[in-house]
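Everything on this sheet refers to the single structure shown next.
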Amino acid sequence: MNYKSTRDSSVSVTSAQAIAQGISKDGGLFVPDEIPKITLNDIKALAGVDYRERAKFVFSKFLTDFSEAEIAYCVDNAYNTKAFDTDNIAELAHLFDGTYMLELWHGPTCAFKDMALQILPYLLTTSIKKLNSDKKVVILVATSGDTGKAALEGFKDVEGTSILVFYPDNGVSAMQKRQMTTQEGNNVGVCAIKGNFDDAQNGVKSIFTNSEIASKLNENGMMFSSANSINWGRLAPQIIYYISSYAQLVNDGEIKLGEKINIVVPTGNFGNILAGYYAKHMGIPVNKLICASNSNNVLTDFLKTGIYDRNRDFHATISPSMDILISSNLERLLYILSDENDKLINEWFDKLAKEGRYEVSQEVKERIFDEFSAGFCNDEETKATIKEIYDKYSYTCDTHTAVAVKVYNDYKSATGDTTKTIIASTASPYKFSGSVLSAIGEETEASEFELVDKLADVSKLAVPKSLAALKDKQVRFSKVIDKNQMKDYVFEALGI
């Protein structure tokens with residue numbers, strides 16, 4: 001299987017090349033030239049094996065230039081109890097009748113990004129070796145909170161790599177900020193920017209596609225790659241947990257083989273729900289993909305109208321990882337739904353860059369409406385949902401998962417759809433202790449770690465060791481720059 005660019009369909013690279021590059025030289029995103037299929041018999045077989053074996057099976061479909069041994073090396077080193085606090089890797093909690101929380105936060109940084117970023121360093125270094133490259137790989141990351149720490153943790157002290165992370169100075173939670181600014185490792189750098197996530201993401205993409213900067217790196221024996229979900233090596237691992245969850249529900253007798261499910265995902269950059277789309281089109285029986293947004297509801301509006309318009313107020317919310325107005329992975333979906341029409345993709349995204357707005361064709365709209373449902377909620381509704389879940393089910397969820405639950409409840413009320421449903425639970429409540437405690441009705445006038453201890457008393461959940469350990473760690477990175485200084489920071493950090 002080879003990979004095309006969404007901006008130029010004539011591009012054809014191996015999966016190793018796609019993962020190593022991160023983004024196509026034309027600014028497009030890499031997509032597989034076809035979506036591989038799995039059968040109900042495949043799913044039945046997967047039901048009887050563990051997460052690692054399911055991962056190896058899915059990767060074998062997409063990484064056809066990797067040997068069986070190379071895939072096993074990557075999977076076995078990433079998905080184990082040294083990195084995750086459960087041997088199941090992704091847990092399914094039965095919340096209420098026919099509704100399941102897919103807990104994706106049992107990794108070292110307590111967020112769903114670990115599911116991909118624990119394995120990406122292995123995929124990337126294996127890819128580099130396969131390409132016979134001796135260049136040092138420089139990982140550039142823009143984060144709205146969770147990706148940054150997960151990438152830093154995954155790549156710290158990985159030989160032959162450096163990683164630089166940019167985050168919006170006032171756009172992440174206190175715990176997310178502390179996770180990043182105390183990061184250990186000799187090959188890491190973290191910098192805040194004055195602006196929001198979209199500013200950070202645009203800055204990183206412009207550095208990636210600048211030929212002058214690429215030449216400068218090449219002269220110094222370096223090359224860029226990405227740990228954001230623009231990299232196919234980030235997206236492919238996310239497909240696995242939807243396939244694995246369906247197989248697990250079959251194995252547990254919760255659904256019958258072939259029975260359809262809904263998938264609900266709180267998202268900002270569209271990668272997590274796009275992974276669900278790929279899982280569906282591989283062969284997982286999915287009825288509806290339900291996209292949940294916070295007050296930055298650009299995706300909700302788009303999925304309901306076919307008009308993408310980022311010309312709106314930006315809201316800093318209590319679910320900061322979703323505070324995004326430019327959703328990069330949507331480009332991959334539109335490339336597929338437009339029958340791989342790179343001319344249309346260039347036209348639409350050129351309009352987005354110049355005018356902040358585009359409208360897709362009627363045919364693409366109809367395909368979107370057939371596949372997706374969407375909704376959003378504000379901070380007050382998010383808090384009310386956290387309290388409702390806590391009071392009814394003694395289950396404590398974070399501020400992003402609560403957005404998904406609220407949107408799902410609205411969808412169910414509006415449609416009467418009783419299809420069994422998986423809700424992607426994307427972060428530990430401890431990453432947002434103050435907001436969660438406030439929602440439950442507890443006082444929040446205390447330090448971050450006092451709030452963590454208080455949430456432990458209220459929720460009866462064990463505090464993740466990785467978060468508890470942050471209390472005594474020294475802050476290493478405190479620099480704040482303007483968004484137009486990102487290139488200078490990169491050169492300074494790399495010493496070139």
Side-chain angles (χ1 to χ4, degrees), residues 85 91 93 95 101 103-114 143-150 152-153 167-183 192 266 268 294 315-323 377-406 423-475:
D85 65 16
E91 293 285 355
L95 188 61
M101 289 290 204
E103 295 179 348
L104 300 171
W105 39 262
H106 290 280
T109 75
C110 307
F112 82 100
K113 305 297 175 74
D114 288 326
T143 185
S144 54
D146 288 331
T147 292
K149 173 59 181 178
L152 288 162
E153 193 63 26
Y167 71 93
D169 188 32
N170 296 310
V172 300
S173 76
M175 185 63 79
Q176 287 173 318
K177 185 173 184 176
R178 187 161 185 85
Q179 282 185 303
M180 290 187 283
T181 58
T182 60
Q183 178 63 47
N294 61 17
H315 301 279
T317 73
I318 61 171
S319 46
S321 296
M322 298 161 66
D323 290 348
C377 70
N378 61 32
D379 281 356
E380 291 309 308
E381 291 169 319
T382 301
K383 287 182 177 182
T385 303
I386 291 172
K387 181 167 176 55
E388 181 182 0
I389 295 170
Y390 178 79
D391 289 344
K392 278 188 177 181
Y393 309 110
S394 299
Y395 187 92
T396 308
C397 72
D398 86 297
T399 51
H400 302 74
T401 306
V403 170
V405 174
K406 173 66 167 83
I423 297 175
S425 179
T426 53
S428 164
Y430 284 107
K431 297 194 77 168
F432 309 93
S433 298
S435 295
V436 173
L437 284 166
S438 173
I440 292 171
E442 299 286 334
E443 289 294 325
T444 57
E445 291 296 322
S447 71
E448 183 67 20
F449 289 96
E450 287 172 333
L451 293 176
V452 166
D453 291 339
K454 192 170 186 178
L455 185 57
D457 290 337
V458 170
S459 69
K460 309 305 179 189
L461 290 170
V463 180
K465 293 178 182 177
S466 60
L467 297 186
L470 291 174
K471 185 176 182 180
D472 300 317
K473 282 192 175 183
Q474 183 178 353
V475 172

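Annotation: the span from L455 atom CG to S428 atom OG amounts to 7.5 Å, rounded to 0.5 Å. Between the OH atom of Y167 and the CD atom of Q176 there is a distance of 11.0 Å, given to the nearest 0.5 Å. The structure places CG of D146 at 8.5 Å from CE of M180, a figure rounded to the nearest 0.5 Å. The line from NE2 of H315 to CG of D379 is 10.0 Å long, rounded to the nearest 0.5 Å. Note: K177 NZ to Q179 CD = 13.5 Å, rounded to the nearest 0.5 Å. Of the inter-residue distances, the one linking L437 atom CG with E450 atom CD reads 12.0 Å to the nearest 0.5 angstrom.
Checked by atom type, the side-chain pair Q183/K149 shows a donor-acceptor distance below 3.5 Å. S319 and T399 share no donor-acceptor pair across their side chains, judged by distance under 3.5 Å alone.
V172 is not listed as a side-chain neighbour of P320, based on a closest heavy-atom distance of 4.5 Å or more. When side chains are defined from C-beta on, T444 counts as touching S438, because their heavy atoms get closer than 4.5 Å. Side-chain contact between L104 and K113 is absent, with no heavy-atom pair separated by less than 4.5 Å. Between V405 and I389, some side-chain heavy-atom pair lies under the 4.5 Å cut-off. Between E442 and L451, the closest side-chain pair of non-hydrogen atoms is not below 4.5 Å. Side-chain contact between I318 and T382: present, with at least one pair of heavy atoms (C-beta onward) separated by less than 4.5 Å.
Not a single ring pair (Phe, Tyr, Trp, His ring centres under 6.0 Å) links F112 to another residue, sequence neighbours left out. Remark: S466 engages C110, P464 in a side-chain contact (heavy atoms from CB on, under 4.5 Å) (not counting sequence neighbours). Qualifying side-chain contact (heavy atoms from CB on, under 4.5 Å) partners for A93, counting only residues two or more places apart in sequence or in other chains: M101, E103, Y395.
Pairs engaging residues 458-473 under the salt bridge (charged side-chain N to carboxylate O under 4.0 Å, His left out) rule: E184-K473 [sequence neighbours left out]. Pairs engaging residues 431-473 under the ring-ring contact (aromatic ring centres under 6.0 Å, His included) rule: H400-F432 [sequence neighbours left out]. For residues 383-399, the salt bridge (charged side-chain N to carboxylate O under 4.0 Å, His left out) pairs, not counting sequence neighbours, are K387-D391, E388-K392.
Listed here is the closest heavy atom pair of S433 and V452: OG-CG2, 3.6 Å. Closest heavy-atom contact between Y390 and T396: CD1-OG1, 3.6 Å. Closest approach of C397 and V436 over heavy atoms only: O-CG2, 3.8 Å.
A donor-acceptor pair under 3.5 Å is formed between the side chain of T182 and the backbone N or O of R178. A side-chain donor-acceptor contact under 3.5 Å links D114 to the backbone of T109. The closest donor-acceptor contact from the side chain of K454 to the backbone of E443 lies under 3.5 Å. Between the Y430 side chain and the L461 main chain, a donor and an acceptor come within less than 3.5 Å of each other. Although no hydrogens or angles enter the test, the distance criterion places a donor-acceptor pair under 3.5 Å between the side chain of E381 and the main chain of N378.
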